[in-house]
Amino acid sequence: MPSDNQSGVPLDAAQLCASFSATPIETDAAAASPAESGDLIGQERALDAIRLAARIPNREFNLFVMGRPGYGRHSSVFRVLEEEARDRPVPGDWVYVNNFENSDKPIALELPTGMAAKLKRAMEVLVDDLANEIPAIFESEDYQHRRRAIEQGFGEQHEKAFGELMESAREQDLTILRTPMGFGVAATREGKPMTPDVFQALPSDERDRLDHSIKEIQSRLEEVLRQVPAREKARRAAVAALNAEVAKTGVDGSIDQLIADFGHVEGIKTYLETVRADLVENAGLFLETNPQADAGAFPVVTAKRYQEPQFRRYAVNAMICNSDEQDSAPVIAENLPTLGNLVGRSEHASHMGALVTDFTMIKPGALHRANGGYLVIDVRQILSEPFAWEALKRCLQTRQISISSAQQRLSVLATASLDPDPIPLNVRVALIGERIFFYLLTANDPDFATLFKVQADFNDEIAADEENAALFAKLIGDIVAREQLRKLDASAVARLMVEATRLSDDAEKLSLDIGQLTNILREAEYWAAAGGKTAIAGQHVEEAISQAETRASRPQELAQEAIARETLLIDTDGSVAGQINALSVVQVGTHRFGRPSRVTARVRMGRNRVVDIEREVELGGPLHSKGVLILSGYLATHFALDVPMSLWASIVFEQSYGGVDGDSASAAELFCLLSALSGKPIDQSFAVTGSVNQQGHIQAIGGVNEKIEGFFDICAAKGLTGRQGVLIPKSNVKNLALRTRVVDAVKAGKFSVIAIETIDQGIEALTGCAAGARDEEGAYPDQSINGLVEARLREFAHGLRAFARSGKGDGAGSSEEMS
Amino acid sequence: MNVERGKGRIILGATCFADASAAIRIAISLAGQTGRRIEAYLVEEEAILHYSSLPTVTAISAGGASSEPVTADAMREAYRHDARVYERALSDAARAAALEWSFTTERGELAATLQGSAGAGDFLLFGYQKLQRNAEGIVIVDRLARPDRQLHELGQAIAGEMGQPLYLVSIAGNGEPGEAGSAALPADVDKGSATTVIEDGSSGHAGLLRHLSGMGPVGVVVSPDLASRVGVSELLDAARCPLIVPVE
């Protein structure tokens, strides 16, 4: 029998799972320190990065927060940014107002904090006041008198001219006829137009006189008629001047008051002067409607006239209304960062079948709301929204918010659109996402590295030392307080810490997956409540973990059932040469479980080739092929170095119909080959996991806990014999966080976990035979595994040489082999 | 309004479509209020036809431009054209207001043709195109001594429907020069919304025509006896707007 050291180290139960001593967590105590509540542990680097991004004035130092979901990235970012926002001034307000010269280009105005709402209301009051005052002014006796005077003045000019013409015609025995072809001037007798006969019968001098008179009257008629349009134009101008003069008396007082109230703000005075001019020019707007008929229950003077469509031109679209009472800059999260939600949009209304818009329909986006502060966006969300990522970059690059729509970008909708003034942008953007997005964006988007210079990388775990264990317990206390759970006893805290090592796949690390820990605690709370307990105990945490695994374990049970019913052939006792139990991890959804697979190897004389059947049928991935090539290298460089390698071998994962990848079975495959070559059977009570290098060292693999548990469950189902166990790389011992059922079986001596460092240790444990080491002459002991393997390989080499000399084979091939 | 409904007709007449079009709106408004039928006439005036057969006569457009010499054939063709558009315009307006109507082309003299077609209770409506767009007001022309209440109600109804101010011109007696009249309208006559009341007890027909000539109203409502005494064509030439005359 080999020594313990040569056949690997069976691990104590204590090595299979971390253990912690913890103190209970009182709910009240956790809630009693809100100031510290929420402080993340082990994330100082990330938090420092967030603070840097929040404080540094350079505009391109936007932030990318990366890490796995559930690790507190969002809450941490918000907490830090909100703290920093308190030191930044509350930003000013922004409004859009009508551009009276070009309504398609609304004007953006920046106002002091809290003034947007006041200006908006002041303009509404202005319109309401003028809607009452202007009609009163125009209905006044004074205006009516002056208007009538103008109308009459022009009317009298016309009527006088026409009347004098008619009178003059009558005096000359003429009349003006109104015919379908126009006006005509005819001679009359006794007030009636002359017939042609009568006219022709007149003396020639009389006819000449009448002809002359007719021509004169016609000429004067033409002149009077030609004066009509000019006189009409003059009349309109006179009325417009009167209207403007009268309207101005009503408008001036109100506008002057507004200028007194708001005129000190840059741009407002200019805007109000344009409003004044427009009000005077368009005073008729206030005369168009007669709301009395529809006043309803409210008197006309209290009606909200500013809501009427014709007065929208004087509205104020308050895009950003901050309050005087705010004490910090904004911290905004946009959870649906569509293009419109990000940069704002101009909405449309249906009018007579057409879509129309104006400056009042401009809606702010997240960038508007966050301007002067911070904007937090999930990178996955923004990258999945059409045009949103490009729009965000453009805004950050140009430092201004320009509103554009997807329809405009695609030119799919021909309708009225606006081109509002861009609003200057001063915002710090924090993108939150998994690391892969950071790396992909860095590699593929040249703008990204320029605009997002700060990365905050959240750790996935922390070292499970004494100090961190105490901090971790506090983290659990925070969760308990936040979720308002019942208190935890010491066993519950300790069990959660064990689970944290399991989540991190490392007995020396505590996972910081707050999301997952919270879920466990919530469910443990349920089980504690169901049991009528006032505190959550370790058994409740265990129950929560176990139940969650059970709920997700249907695929695992199906696999185990197939083995138990011998549909899948796995031996857990007996010995077979060239056959071994390898272990793999299957992930279905979020559930991972280990499953044994039978690996077999066959050898014979031949040209140097190890056939990886998985690769041949394209079921093996590149890492698996790499493992097979490495073990081929091990064989070729460790045995029968004085003869050509003359081995033909095949290795296969039996009953494997899906893909195989990874090199964690390469040690098992090598053990299988050594068994086939040496003829020494492998104890099927064992399963093996680990990768191998060309020096024969066993290397760490992933999923060690699931693999051990997977084989344990199969053995338990078939009956534990006490001989069964799993060989794992020694370097994986630190990753062990096995479930209680496995630890208990090891404690009871019914199952073993053996840590190995070398191929020799492994083959000795599996075969019960010494691996053998070369003596001073370089030879392995005859009956050692290595000695038997070397002898077999020499036998193949000699056999192949003899075959070549016999001339029965391929001459060319044989000569190459021989050379 | 108090104007009696359903009785009588509205006899609308003009010598060209331009004049008729100015009166169609009044006719439709009045017919809508009173439920009366509209009988429309385009009168091919003998005088105009005679005029067009004179050598080298010209027509002057509303814009003041002289046309090529007018011929009788061209004038007849112009009448036919005006008849078509006149009938179509009336048809469209009456159909929209669900009113009964008829259209006839007659040859004769405008006032005589309309008066010949009218009976008691009808309204005569003489078309006349205003050249000034700023025409304003409906003018009631009545006798100071014997005011006609129904005439006032008719004037108020038209003014109200058309959104026009109402003016009142009252002249003395039969309107003969120098005939004395009272200084004010009797108290039982409702002046309605009349904003301007001209009471002229001394200047007779000439004064009436002078008043009308200077006012430039949208329409004039005149009592039948005054219309008869002063003359429709004289009133039209003075007022230069549509003229409404109730028939007794």
Side-chain angles (χ1 to χ4, degrees), chain A residues 144 147-148 150-167 169-170 175-188 191-200 207 211 214-215 217-229 231-232 235-236 238-239, chain B residues 14-19 42 44-67 70 74-83 109 127-129 131-136 165 195-196 209-210 212-217 231 233-234 236-238 240:
Chain A
Q144 293 292 340
R147 169 76 183 262
R148 198 174 299 120
I150 291 171
E151 300 286 3
Q152 285 179 349
F154 283 96
E156 283 170 4
Q157 286 178 29
H158 171 78
E159 299 300 343
K160 182 182 177 189
F162 215 89
E164 286 174 357
L165 180 65
M166 298 286 276
E167 185 60 32
R170 191 176 298 113
T175 186
I176 297 175
L177 301 172
R178 303 169 68 83
T179 82
M181 299 182 72
F183 296 95
V185 181
T188 61
K192 302 289 183 186
M194 286 186 197
T195 64
D197 294 341
V198 173
F199 186 78
Q200 293 300 337
R207 285 204 307 272
D211 282 340
I214 287 171
K215 282 188 172 61
I217 294 298
Q218 279 180 338
S219 176
R220 287 177 61 188
L221 177 59
E222 289 171 6
E223 183 60 27
V224 168
L225 292 173
R226 275 199 287 267
Q227 287 174 354
V228 170
R231 193 175 287 123
E232 184 66 19
R235 181 194 68 84
R236 285 199 304 272
V239 171
Chain B
T15 59
C16 61
F17 172 67
D19 285 350
L42 177 64
E44 297 178 0
E45 285 224 344
E46 295 286 355
I48 292 173
L49 292 171
H50 290 155
Y51 166 75
S52 64
S53 60
L54 288 170
T56 67
V57 294
T58 59
I60 301 167
S61 72
S66 294
S67 67
V70 173
M75 187 60 75
R76 280 191 288 272
E77 178 54 35
Y79 266 119
R80 283 193 288 274
H81 172 267
D82 268 22
E109 193 266 328
Y128 198 104
Q129 184 189 25
L131 294 175
Q132 285 286 87
R133 291 185 183 172
N134 60 325
E136 185 185 70
T195 55
T196 300
L209 295 176
R210 192 169 59 251
L212 288 178
S213 180
M215 293 180 81
S233 60
E234 284 74 9
L236 281 171
D237 283 345
R240 297 184 291 281

*asked:* Is Pro196(A) close to chain B through its backbone or its side chain, or both, or neither, when contacts mean heavy atoms under 4.5 Å?
replied: both

_Let's test your reading of the structure: which of Pro180(A), Pro193(A), Gly182(A) forms the most heavy-atom pairs below 4.5 Å with chain B?_
Pro180(A)

*Shortest non-hydrogen contact from Met181(A) to Ala59(B)?*
O-CB, 3.4 Å

*asked:* So, taking the atom named CG in Leu54(B) and the one named CZ in Arg207(A), what distance separates them when rounded to the nearest 0.5 Å?
replied: 11.0 Å

*Over all heavy atoms of both residues, which pair between Phe183(A) and Ala62(B) is shortest? Give the atoms and the distance, please.*
CE1-CA, 4.2 Å

*Examine whether an atom of Gln227(A) lies under 4.5 Å from a heavy atom of chain B, and if so say whether it belongs to the side chain, the backbone or both; otherwise answer neither.*
neither

_Portion of Met166(A) that has a non-hydrogen atom of chain B nearer than 4.5 angstrom_ = side chain

*What part of Ala74(B) lies closer than 4.5 angstrom to a heavy atom of chain A: side chain, backbone, both or neither?*
both

*If you count heavy-atom pairs under 4.5 Å between each of His81(B), Glu44(B), Glu77(B), His50(B) and chain A, which one has the most?*
His50(B)

_Tell me which of these, Val57(B), Asp237(B), Val70(B), has more heavy-atom pairs under 4.5 Å with chain A than the rest._
Asp237(B)

*Looking only at non-hydrogen atoms, find the nearest pair between Ala186(A) and Tyr51(B) and report the distance.*
CB-CD1, 3.6 Å

*Reported NZ-to-CD distance for the pair Lys192(A) and Glu45(B), which is rounded to 0.5 angstrom*: 8.5 Å

*Nearest heavy-atom pair of Leu177(A) and Ala47(B): which atoms, and what distance?*
CD1-O, 4.3 Å

_Looking at Arg178(A) and Gln129(B), would you say the former's side chain and the latter's main chain have a donor-acceptor pair under 3.5 Å?_
yes

*Do Gln218(A) and Ser66(B) have side-chain N/O donor and acceptor atoms under 3.5 Å apart?*
no

*For Ser61(B), is it the side chain, the backbone, both, or neither that has a heavy atom closer than 4.5 Å to a heavy atom of chain A?*
backbone

_Worked check of side-chain contact (heavy atoms from CB on, under 4.5 Å) between Thr15(B) and Thr179(A)_ = CA-CA 6 Å; Thr15(B) 59; Thr179(A) 82; over 6 Å; no

*asked:* Counting heavy-atom pairs under 4.5 Å with chain A, which one of Leu42(B), Leu49(B), Asp19(B) comes out on top?
replied: Asp19(B)

